[in-house]
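Residue numbers count from 1 along this sequence. Predicted model, so just to flag it, every value in this text is computed and none were measured. Every heavy atom of this structure was used, including side-chain atoms; hydrogens, water molecules and symmetry mates were not.
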Amino acid sequence: MELHYEITKQDYIDFNLHYYMNNAVVQRSLLITRIMTAVLVLIGGTLLMYWVEGLGVLSTAVYLALAAVCFFGTPWYMKRKVAKNTERILRNANNKQLCGPKTLILRETDFELKGENEDTVYQYEAVQRTATDEGHYYIFVDEFSGLIIPFTAFENEGQKRDFYDRITACITDEALKC
């Protein structure tokens, strides 16, 4: 099977946002950041108001509201930062080959990804897990990197299903398949 497709900037952003939203370590770190930021604002603001002798119901309510904004606004802010940082990375001249035309060739024992300045062969055993969103398959070949296969690469649902079956054949844990 040979697939020809184009990886766009939006495909790459979607991949990074998918990783950000679905990685347990990232989500745990985000939760800790949210809690610590809110606590810091609340305690720091209360101590400041106490120190300047302005502590009252109104100042406490204001810092409580600011803590809530920090807690509930951090995920939105971080998601936006992931997208913007991904765009910045893609603008770097050394990363121009990340987007553009790609060819994925599936053979009996391995698969090959070809693109600009790229020709990599992977064994099916290298696939650690797969994921999907509304428009892509993500094939993770290690913890942090993977291949992006947009659904537009497939001619029909049968070809899409055949690809999925072949790429996940060596994954024994069903939880690691999308």
Check [X] against [Y] and note the closest heavy-atom contact, atom names and distance.
{"X": "Asp11", "Y": "Glu6", "result": "OD2-O, 3.4 Å"}
{"X": "Thr109", "Y": "Gln123", "result": "O-OE1, 3.1 Å"}
{"X": "Ala153", "Y": "Leu3", "result": "O-CD2, 3.6 Å"}
{"X": "Met21", "Y": "Lys79", "result": "SD-CD, 4.4 Å"}

Tell me whether the count of non-hydrogen atoms from other residues, nucleotides or ligands lying under 6.0 Å of CD in Glu108 goes above 12.
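Counting neighbours around CD of Glu108, 12 or fewer heavy atoms of other residues, nucleotides or ligands fall under 6.0 Å, so no.
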Is any side-chain heavy atom of [Y] closer than 4.5 Å to one of [X]?
{"X": "Phe140", "Y": "Tyr19", "result": "yes"}
{"X": "Leu113", "Y": "Thr103", "result": "no"}
{"X": "Arg34", "Y": "Pro75", "result": "yes"}
{"X": "Tyr12", "Y": "Ile148", "result": "yes"}
{"X": "Ile139", "Y": "Tyr122", "result": "no"}
{"X": "Phe163", "Y": "Ile149", "result": "yes"}
{"X": "Thr37", "Y": "Phe71", "result": "no"}
{"X": "Cys99", "Y": "Thr8", "result": "no"}

Decide yes or no on side chain to side chain contact (heavy atoms under 4.5 Å, CB included) for Lys102 and Lys114, but give the supporting numbers first. CA-CA 6 Å; Lys102 306 286 182 191; Lys114 292 182 177 185; over 6 Å; no
- Message: Does the plane of the ring in Tyr137 sit parallel, tilted or perpendicular to the ring in Phe151? Use 30° and 60° as the thresholds.
- Response: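 Tyr137 and Phe151: perpendicular rings.
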Got a second to check how far [X]'s [atom1] is from [Y]'s [atom2], nearest 0.5 Å?
{"X": "Ile105", "Y": "Asp110", "atom1": "CD1", "atom2": "CG", "answer": "9.5 Å"}
{"X": "Arg88", "Y": "Lys81", "atom1": "CZ", "atom2": "NZ", "answer": "7.5 Å"}
{"X": "Thr86", "Y": "Ile13", "atom1": "OG1", "atom2": "CD1", "answer": "6.0 Å"}
{"X": "Asn85", "Y": "Arg80", "atom1": "CG", "atom2": "CZ", "answer": "11.0 Å"}

Practice item. Decide salt bridge (charged side-chain N to carboxylate O under 4.0 Å, His left out) for Arg107 and Glu112; before the verdict, give the C-alpha distance in whole Å, the side-chain angles of both, and the deciding distance to 0.1 Å. Key: CA-CA 8 Å; Arg107 294 186 278 265; Glu112 181 177 10; 3.0 Å; yes
task: Tell me, with the steps shown, if Lys160 and Glu157 meet salt bridge (charged side-chain N to carboxylate O under 4.0 Å, His left out).
output: CA-CA 5 Å; Lys160 186 175 160 184; Glu157 286 297 316; 3.8 Å; yes
Pick out which of Val39, Thr33, Ile32 makes a side-chain contact (heavy atoms from CB on, under 4.5 Å) with Met36.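 Of the listed residues Val39, Thr33, Ile32, the side-chain contact (heavy atoms from CB on, under 4.5 Å) partner of Met36 is Ile32.
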What do the steps show when you test Tyr63 against Ile43 for side chain to side chain contact (heavy atoms under 4.5 Å, CB included), and what is the final call?
CA-CA 8 Å; Tyr63 280 106; Ile43 291 174; over 6 Å; no
Requested in this report: Starting from the C-alpha separation in whole Å, work towards a yes-or-no answer on side chain to side chain contact (heavy atoms under 4.5 Å, CB included) for Leu104 and Leu106.
Outcome: CA-CA 6 Å; Leu104 184 68; Leu106 278 69; 3.7 Å; yes
Check: Can you tell me if Tyr138 and His136 form a side-chain donor-acceptor pair at under 3.5 Å?
Finding: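 Looking only at side-chain atoms, His136 and Tyr138 do form a donor-acceptor pair, the distance falling under 3.5 Å.
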Distance-only donor-acceptor check, side chains Gln10 and Asp14, under 3.5 Å
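Indeed, the side chains of Gln10 and Asp14 share at least one donor-acceptor pair under 3.5 Å.
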For Tyr77 and Phe72, I'd like to know if the aromatic rings sit close, meaning centre-to-centre distance below 6.0 Å.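 Centroid distance Tyr77-Phe72: not below 6.0 Å, so no.
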If only atom types and distance count, is the side chain of [X] paired as donor or acceptor with the main-chain N or O of [Y] below 3.5 Å?
{"X": "Gln27", "Y": "Asn23", "answer": "no"}
{"X": "Asn22", "Y": "His18", "answer": "yes"}
{"X": "Thr46", "Y": "Leu42", "answer": "yes"}

[X] and [Y]: same hydrophobic cluster, using ILVMFWY side-chain contacts below 4.5 Å?
{"X": "Val62", "Y": "Leu48", "answer": "yes"}
{"X": "Met78", "Y": "Val26", "answer": "yes"}
{"X": "Ile35", "Y": "Leu30", "answer": "no"}
{"X": "Val57", "Y": "Val41", "answer": "no"}

Stepwise side chain to side chain contact (heavy atoms under 4.5 Å, CB included) check, Phe154 with Asp162:
CA-CA 10 Å; Phe154 304 104; Asp162 183 42; over 6 Å; no
